[in-house]
Amino acid sequence: METSSYPVDFSDPMVSLTRGFHGAVPRDLSGVVLDLATMGNRTSLWSAHGIIPPTCFQELNAVGVVEEPVELYLLANPIHQDGKIRVRVRGRCWSQIQVACVRCLIEFSLPLEVEIDAFYAAGKDPALQNKRWQMEEDVVFLADGILKLPGLAEEELLLALPMNPVCNTECAGLCPGCGADLNHHPCECRLEPTGPFAVLKKLQSI
């Protein structure tokens with residue numbers, strides 16, 4: 001039976017989370033790390049609430065432009081089971097990224113809000129050590145036992161990005177013939193016939 005090192009495990013931190021700092025100066029979390037190796041000895045919840053500057057996210061800025069600092073709120077507690085310590089990290093992060101619509105290619109601001117619920121452990125995955133194919137499910141192993149908050153936030157936000165972002169669901173896109181934006185005006189161009197019967201089409205029009 002899984003037991004927590006606290007009398008009552010936090011059931012749902014999402015309920016009490018509200019975005020913003022209510023006049024307080026936000027803490028810069030760009031250099032903050034969670035040391036997994038020391039979590040088993042804690043007698044209280046580990047928490048972090050602050051912002052990470054847009055310049056910390058190289059991969060996100062490679063697919064778009066992070067327009068505002070990422071706000072991140074995390075709670076962590078150790079879970080003891082079968083002599084092992086796993087650290088459960090829960091929380092939420094928010095940001096806004098400028099990306100290009102795949103239909104009309106216009107850049108637009110895409111708000112992102114991600115809920116985080118993950119398990120981490122220090123060391124190497126036992127499956128790799130024992131040369132087994134199947135890794136331990138739902139646990140991320142960190143060889144150095146250090147969880148960097150910018151890396152965690154970036155990974156979660158990248159997973160939240162849609163594969164094909166659109167500025168709106170009714171976007172008509174661009175005309176494949178002349179490239180006109182069909183959202184603003186209809187296109188009257190005539191597409192050149194293509195394919196094996198294109199030559200016959202041209203002959204008929206002569």
Any link between [X] and [Y] through a network of hydrophobic side chains (Ile, Leu, Val, Met, Phe, Trp, Tyr) touching at under 4.5 Å?
X      : Y      : value
Val63  : Val70  : yes
Val32  : Ile116 : yes
Leu142 : Ile146 : no
Val166 : Phe108 : no
Leu147 : Val33  : no

Can you tell me how far [atom2] of [Y] sits from [atom1] of [X], rounded to the nearest 0.5 angstrom?
X      : Y      : atom1 : atom2 : result
Trp46  : Leu74  : CH2   : CG    : 5.5 Å
Asp117 : Glu156 : CG    : CD    : 9.5 Å
Leu174 : Leu105 : CG    : CG    : 5.0 Å
Gln96  : Leu112 : CD    : CG    : 8.5 Å
Leu182 : Arg103 : CG    : CZ    : 12.0 Å
Lys148 : Leu29  : NZ    : CG    : 15.0 Å

side-chain contact (heavy atoms from CB on, under 4.5 Å) between Val65 and Ile97, worked out: CA-CA 5 Å; Val65 178; Ile97 183 171; 5.5 Å; no

Closest heavy-atom contact between [X] and [Y]?
X      : Y      : result
Phe57  : Ala153 : CE2-CB, 4.2 Å
Cys101 : Cys167 : SG-N, 3.3 Å
Pro78  : Ile85  : CB-CG2, 4.1 Å
Leu36  : Ala122 : CD1-N, 4.0 Å
Pro165 : Ala100 : CG-O, 3.7 Å
Leu45  : Arg42  : O-NH2, 3.4 Å

Using a 4.5 Å cut-off on heavy atoms from C-beta on, say whether the side chain of [Y] contacts that of [X].
X      : Y      : value
Pro53  : Pro69  : no
Val140 : Phe119 : no
Leu152 : Leu34  : no
Glu59  : Leu158 : yes
Tyr120 : Arg86  : no
Leu161 : Leu110 : yes
Pro54  : Glu67  : no

Could you go through Glu71 and Ser95, starting from their C-alpha distance and side-chain angles, then the distance that decides it, and tell me whether this counts as side chain to side chain donor-acceptor pair (under 3.5 Å)? CA-CA 7 Å; Glu71 182 179 343; Ser95 189; over 6 Å; no

Would you call the rings of Tyr73 and His49 parallel, tilted or perpendicular if under 30° counts as parallel and over 60° as perpendicular? perpendicular

Among Leu157, Ile51, Ile52, which residue meets the side chain to side chain contact (heavy atoms under 4.5 Å, CB included) test with Cys93?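 Between Cys93 and the candidates, side chain to side chain contact (heavy atoms under 4.5 Å, CB included) is satisfied uniquely by Leu157.
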
Would you confirm whether Asn183, through its side chain, and Cys171, through its main-chain N or O, come within 3.5 Å as a donor-acceptor pair?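 Looks like no, no N/O pair under 3.5 Å.
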
For the backbone of Val66 and the side chain of Gln98, can you confirm whether one donor and one acceptor N or O come within less than 3.5 Å of each other? no

Step-by-step side-chain contact (heavy atoms from CB on, under 4.5 Å) determination, Arg90 to Arg88: CA-CA 7 Å; Arg90 301 191 72 189; Arg88 188 182 188 186; 3.5 Å; yes

